[in-house]
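Numbering of ligands and ligand atoms starts at 1, following listing order. Just so it is clear, the values below take in all heavy atoms, side chains as well, and ignore hydrogens, waters and symmetry mates.
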Amino acid sequence: MKRVLSIQDISCVGKCSLTVALPIISAAGIETAILPTAVLSTHTAFSRFTFRDLTDDIQTITDHWLEEKIVFDGIGTGYLGSFRQIELVEKIFTDFYHDGMLRFVDPAMGDNGKLYVGFDEAFAKRMGELCGKADIIVPNLTEAAFMLGEKYMESGYTADDIKALLKRLCSLGCPVAALTGISLEPGKCGVMAYDSRTDTYCEYYSERLPVSFHGTGDVFSSACFAALMRGQSLEKALKTAVEYTVESIRQTVSYEGHNWYGVDFESAFPLLLKLLEE
Ligand code: PXL
């Protein structure tokens, strides 16, 4: 069985970060070790939340793992709360690196043209440096713009605009970049990726649902990371992650009493398992 490490916060209620990554990657049949960077009562889109920083525990935990000679086939990161945490993740990438280990970075920092509460442009630039040390990154258009210090493209962009943006993302230093939340025609939404090693692009689009939910980026990145670790090609992994995310949103809206803070990714597990067999 493959073993991965997921590094991000635990938002106790809110369906994002580790409470999404752990169940999704585990359901994909992959042993999922976790390194919680902070514990929050909820994610930061709630009007109030508690926050316990675990930065000082990170290195004592990873030192123990090194002592135990624990090996990971992949390391995935999501929301990170500080410059120091980014620095510690870079050290983990170095300390645990071995040939073939996948470093997957979701620079979870913002959406819809805005950074989440607590982040600024300097932090986004620093996250860009972490992206340069990854094997694959999966920003949305907001995160890409802030990391590169560019203007956010809300709409009206072309496929060529996205292709050029993907090349600029790879110039951060990562061989592969995938941009999420791309809509090139009405009613469709998906992802386009660029592999700078082969100078090739791939893309996958599905139905664009007329709703927006928190946590969908984390659902996408967890499923994409899991699919790659299961050995799917980049192209297949994008399809798996997009279709699973869309189905999670469909499941959420099909239930009248659904919450606003996250999607029902749990109800879409049967589809995830099917997609992973393709
Ligand atoms: O979904 C990304 C995310 C993760 N963790 C925390 C967040 C958010 C988004 O707002 O607040 C704490």
Side-chain angles (χ1 to χ4, degrees), residues 4-25 32 34-55 57-58 75-86 88-89 104-121 123-124 126-128 130-131 134 137-147 152 178-181 189 191 209 211-226 241-242 244-246 248-249 252 258-266 268:
V4 302
L5 170 63
S6 181
I7 310 175
Q8 46 196 319
D9 69 282
I10 294 181
S11 290
C12 299
V13 167
K15 298 213 209 190
C16 69
S17 43
L18 277 182
T19 64
V20 166
L22 175 57
I24 291 177
I25 303 167
T32 311
I34 58 167
L35 184 48
T37 53
V39 180
L40 292 81
S41 53
T42 64
H43 60 55
T44 61
F46 282 75
S47 57
R48 191 180 84 76
F49 51 88
T50 70
F51 184 92
R52 174 159 315 264
D53 185 32
L54 298 178
T55 304
D57 293 282
I58 292 176
I75 300 181
T77 72
Y79 182 101
L80 298 171
S82 64
F83 286 76
R84 175 87 184 118
Q85 285 186 356
I86 293 179
L88 286 162
V89 166
F104 184 104
V105 171
D106 177 3
M109 283 182 302
D111 208 357
N112 303 311
K114 291 203 184 80
L115 291 174
Y116 298 139
V117 171
F119 295 139
D120 61 15
E121 283 166 26
F123 183 81
R126 184 67 183 89
M127 187 64 99
L130 175 64
C131 284
I137 62 170
V138 293
N140 58 31
L141 284 170
T142 302
E143 292 151 352
F146 276 101
M147 288 195 294
Y152 167 61
L179 269 165
T180 63
C189 188
V191 52
L209 299 166
V211 287
S212 169
F213 282 99
H214 220 80
T216 49
D218 295 353
V219 171
F220 173 88
S221 68
S222 302
C224 186
F225 182 38
V242 168
Y244 175 58
T245 306
V246 171
S248 298
I249 300 170
T252 311
H258 66 75
N259 65 58
W260 64 271
Y261 52 74
V263 290
D264 294 351
F265 65 87
E266 304 91 336

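- Rounding to the nearest 0.5 angstrom, the gap separating the CD atom in Gln8 from the CG atom in Leu22 is 10.0 Å.
- Phe46 and Tyr261 have tilted rings, their planes meeting at an angle from 30° to 60° on a 0 to 90° scale.
- Each of Asp9, Ser11, Cys16, Ser17, Leu40, His43, Thr44, Tyr79, Tyr116, His214, Asp218 has a non-hydrogen atom positioned under 4.0 Å from some atom of ligand 1.
- Note: Arg84 CZ to Arg126 CZ = 11.0 Å, rounded to the nearest 0.5 Å.
- Note that the CG atom of Asn140 and the CG atom of Asp106 stand 8.0 Å from one another [nearest 0.5 Å].
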Checking ring pair (Phe, Tyr, Trp, His ring centres under 6.0 Å) for the pair Phe119/Tyr79: CA distance, chi angles, key distance, verdict? CA-CA 11 Å; Phe119 295 139; Tyr79 182 101; 5.3 Å; yes
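- The aromatic ring centres of Tyr116 and His43 sit 6.0 Å or more apart.
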